[in-house]
2 protein chains.
Amino acid sequence: MALLHDVLEHNAQWVAERSRPVSKAPHKKVVIFTCMDTRLVDFLEPALGLKRGDAQMIKNAGATLVDPGGGVVRSLVVAIHALGCGEIFVIGHSDCGMAQIDEEALRHSMVSQGVPEEAIAALRPSLHEWLGGFHDPLGNVQRVVGLLRENPLIPHGVPVHGLMFDPASGSLKMLVDGYLYAPE
Amino acid sequence: MALLHDVLEHNAQWVAERSRPVSKAPHKKVVIFTCMDTRLVDFLEPALGLKRGDAQMIKNAGATLVDPGGGVVRSLVVAIHALGCGEIFVIGHSDCGMAQIDEEALRHSMVSQGVPEEAIAALRPSLHEWLGGFHDPLGNVQRVVGLLRENPLIPHGVPVHGLMFDPASGSLKMLVDGYLYAPE
């Protein structure tokens, strides 16, 4: 094909993609739960070949679950039951900033910026317990996959996959193949 | 400047951007809390001029707070105290899928996929209360900004801005200018 035709064909496809009405229900029927890390912004999605309209994205610090009935699980519930998502990807990453957080330094920074000690002490799970979950990003992905699989709010038929992402190279590795555990 | 020089200058900048080591601490010192909506994927960040390494991104269903000590607030705490973020953007969006969710239809879908009624009944806040927060996306942004501003875990000096995003056009409007409330 001549270059002119190549270019025109690319443009027609590009325009079609840009102008297609994007549905609220994600095209690839997948919901991704991953980390808020800035190195994943504008990097994880293209590395996974995900475009606008393909997936729901849930993000927090370290892709950790604080509460089995909290915001993350509720978001997954809506993604599955109201937006048609049929699979969950839990994606942790290597070199996670959370893994290196010094609890005492964090506490000191909070108090020095005016956070009352009582507000920190009132946290359940405690700051100590919560930060403990970050020291092993790989173990955290496996733990979160297990917690979601056992969570009664997540239907058994929905595969929960566990993956690790390299925030430097963009490579993705499978830890847990959710298809092995979900009934057809 | 001649075209050749334009192109070479662009390329030099592009290479420098691609190859700069991306720090865990976001370059623009900002943490964004927004919705998991698929129409925002690969769209909100470029619409805000945010690139890899610029910002932390927290996402859940409807950008809502379920628990004042839950995963979202903890993620903000880490973004502020461990990663140097000095501002919070709460970004809701118009035409939010959550606003149209029918509670009975959602409940029916959950039960029909094997979720026990008791697991739904055990949710605190209840499904009904939680879904109620979505009917007014604009009011939700204002409410979340207020809750974060009053949260003892968020330092008073950190401005909390409230914004609304149009998932069709990509335009962003300010609802709450956090600079007006945060001391210098």
Enter the distance from B:D42:CG to A:D42:CG here, rounded to the nearest 0.5 Å. 7.5 Å
Shorter than 4.5 Å, heavy atoms on both sides: which option in B:T34, B:T38, B:I32 has the most such pairs with chain A? B:T38
Given side chains that start at C-beta, do those of B:V73 and B:D67 come closer than 4.5 Å, heavy atoms only? no
For chain A, which residues of residues 90-97 of chain B have heavy atoms nearer than 4.5 angstrom: B:D95, B:C96, B:G97
For A:V115, which atoms come within 4.5 Å of any heavy atom of chain B: side chain, backbone, both, or neither? both
Okay, B:L123 and chain A: the region with an atom under 4.5 Å from a heavy atom over there is both
Based on non-hydrogen pairs under 4.5 Å, which of A:A61, A:A82, A:S75, A:G114 is most in contact with chain B? A:S75
Note, A:K29 side chain near A:E87 side chain (heavy atom, < 4.5 Å): no
Kindly work out whether a path of hydrophobic side-chain contacts (I/L/V/M/F/W/Y, heavy atoms less than 4.5 Å apart) joins A:V22 to B:L40. no
What part of B:P46 lies closer than 4.5 angstrom to a heavy atom of chain A: side chain, backbone, both or neither? neither
Heavy-atom contacts under 4.5 Å, residues 139-165 of chain B to chain A: B:P152, B:L153, B:P155
Atom of B:S23, atom of B:A25 and distance for their closest heavy-atom approach: OG-N, 2.9 Å
Heavy atom to heavy atom, less than 4.5 Å: which residues from residues 166-177 of chain B reach chain A? B:P167, B:A168
Region of B:L83 in contact with chain A, defined by heavy-atom distances below 4.5 Å: side chain
Check whether B:Q100 gets within reach of chain A through its side chain, its backbone, both or neither, counting any heavy atom under 4.5 Å. side chain
Let me confirm one number: the OG1-CZ distance from A:T64 to A:F33, rounded to the nearest 0.5 Å. 6.0 Å
Same apolar cluster: A:L44 and B:L50, side chain cutoff 4.5 Å: no
Cluster link B:V31 to A:F134, ILVMFWY, side chain under 4.5 Å: yes
Any A:M57 side-chain heavy atom under 4.5 Å of A:F89 side chain: no
Between chain B and each of A:A122, A:P26, A:A55, A:C35, count heavy-atom pairs under 4.5 Å; write down the option with the most. A:A55
Same cluster for B:L127 and A:V72 if Ile/Leu/Val/Met/Phe/Trp/Tyr side chains link at under 4.5 Å? yes
Non-hydrogen contacts under 4.5 angstrom with chain A: give the residues of residues 103-111 of chain B involved, or none if there are none. B:L106, B:S109, B:M110
Counting heavy-atom pairs under 4.5 Å with chain B, the top scorer among A:R124, A:R74, A:M98, A:E118 is A:R74
Give, as side chain, backbone, both or neither, the part of A:P68 having an atom under 4.5 angstrom from any heavy atom of chain B. neither
Hydrophobic cluster membership, A:I58 vs A:M36, 4.5 Å side-chain cutoff: no
Can you say whether B:V41 sits under 4.5 Å from chain A via the side chain, the backbone, both, or neither, judging by heavy atoms? both
Which pair of non-hydrogen atoms, one from A:K28 and one from A:G49, has the smallest distance, and what is that distance? NZ-O, 3.4 Å
Looking at A:H81, A:Q113, A:E45, which has the largest count of heavy-atom pairs under 4.5 Å with chain B? A:H81
Supply the atom-to-atom distance B:L138 CG to B:D136 CG, rounded to the nearest 0.5 angstrom. 6.0 Å
Keeping A:R52 on the side-chain end and B:R39 on the backbone end, is there a donor-acceptor pair under 3.5 Å? yes
For the candidates A:N60, A:D37, A:V78, A:L65, which exhibits the highest count of non-hydrogen atom pairs separated by less than 4.5 Å from chain B? A:V78
About how many Å separate OG of A:S126 and CD1 of A:I120, when rounded to the nearest 0.5 Å? 11.5 Å
